[in-house]
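Sequence positions, counted from 1, serve as the residue numbers for this chain. Side chains are part of it too, since the values below use all heavy atoms of this structure and drop only hydrogens, waters and symmetry mates.
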Amino acid sequence: GSGMSDEVVSDFITDVSKPDLYIPLMAYVTYVLLYALTRGTVGEFQPELMGSTASFAAILLLLEVLGAKLGFYVGGAPNISWIELTAYGGYKYVSLS
């Protein structure tokens, strides 16, 4: 089998408000590409720029998720999912892209 129970699969299918990582991931990639493009239009593009931008944005997202997890823990809600926090944190790239 797929290793996932029918209950988990049906939960993802029926709960349309459950966050996923598709939109935040695509927005993240678009952000990195658009940043590289804008640097290229002023003549400052170098290939390393894409890697450093992606790494910097990923580290900032990780720190944001860690801070949110700590905040929820201190606030009395320690069982919020890391994936959900990452998805919600990644939605900031939608407005930046």
- For V42, which fellow cluster members are found when Ile, Leu, Val, Met, Phe, Trp and Tyr are connected by side-chain heavy-atom distances below 4.5 angstrom, either directly or through intermediates? none
- Message: Nearest 0.5 Å, please: how far is CG in L37 from OG1 in T30?
- Response: 11.5 Å
- Message: Does anything in residues 45-57 form a salt bridge (Lys or Arg N to Asp or Glu O under 4.0 Å)? List the pairs, not counting sequence neighbours.
- Response: none
- Separation between OH (Y91) and CG (L21), nearest 0.5 Å, reads 8.5 Å
- Taking only residues at least two apart or on different chains, which pairs with a member in residues 34-46 satisfy salt bridge (Lys or Arg N to Asp or Glu O under 4.0 Å)? R39-E44
- Grab the two heavy atoms, one from A87 and one from P24, that are nearest each other, plus how far apart they are. O-CG, 3.4 Å
- What pairs of residues pass the salt bridge (Lys or Arg N to Asp or Glu O under 4.0 Å) test when at least one of them lies in residues 71-89, not counting sequence neighbours? K18-E84
Identify all side-chain donor-acceptor contacts of residues 57-76 below 3.5 Å with residues at least two apart in sequence or on another chain.
{"unit_1": "E64", "atom_1": "OE1", "unit_2": "K92", "atom_2": "NZ", "d": "2.6"}
{"unit_1": "K69", "atom_1": "NZ", "unit_2": "P78", "atom_2": "O", "d": "3.1"}
{"unit_1": "K69", "atom_1": "NZ", "unit_2": "I80", "atom_2": "O", "d": "2.5"}

- Atom pair CZ (F45) and OH (Y35), whose distance is rounded to the nearest 0.5 Å: 11.5 Å
- Pairs involving residues 49-60, ordered by first then second residue, that meet salt bridge (Lys or Arg N to Asp or Glu O under 4.0 Å) (sequence neighbours left out): none
- Task: Please round to the nearest 0.5 Å and tell me the distance separating atom OH of Y93 and atom CG of L96.
- Result: 7.5 Å
- Message: Just verifying a value: how many Å separate L33 CG and T53 OG1, rounded to the nearest 0.5 Å?
- Response: 10.0 Å
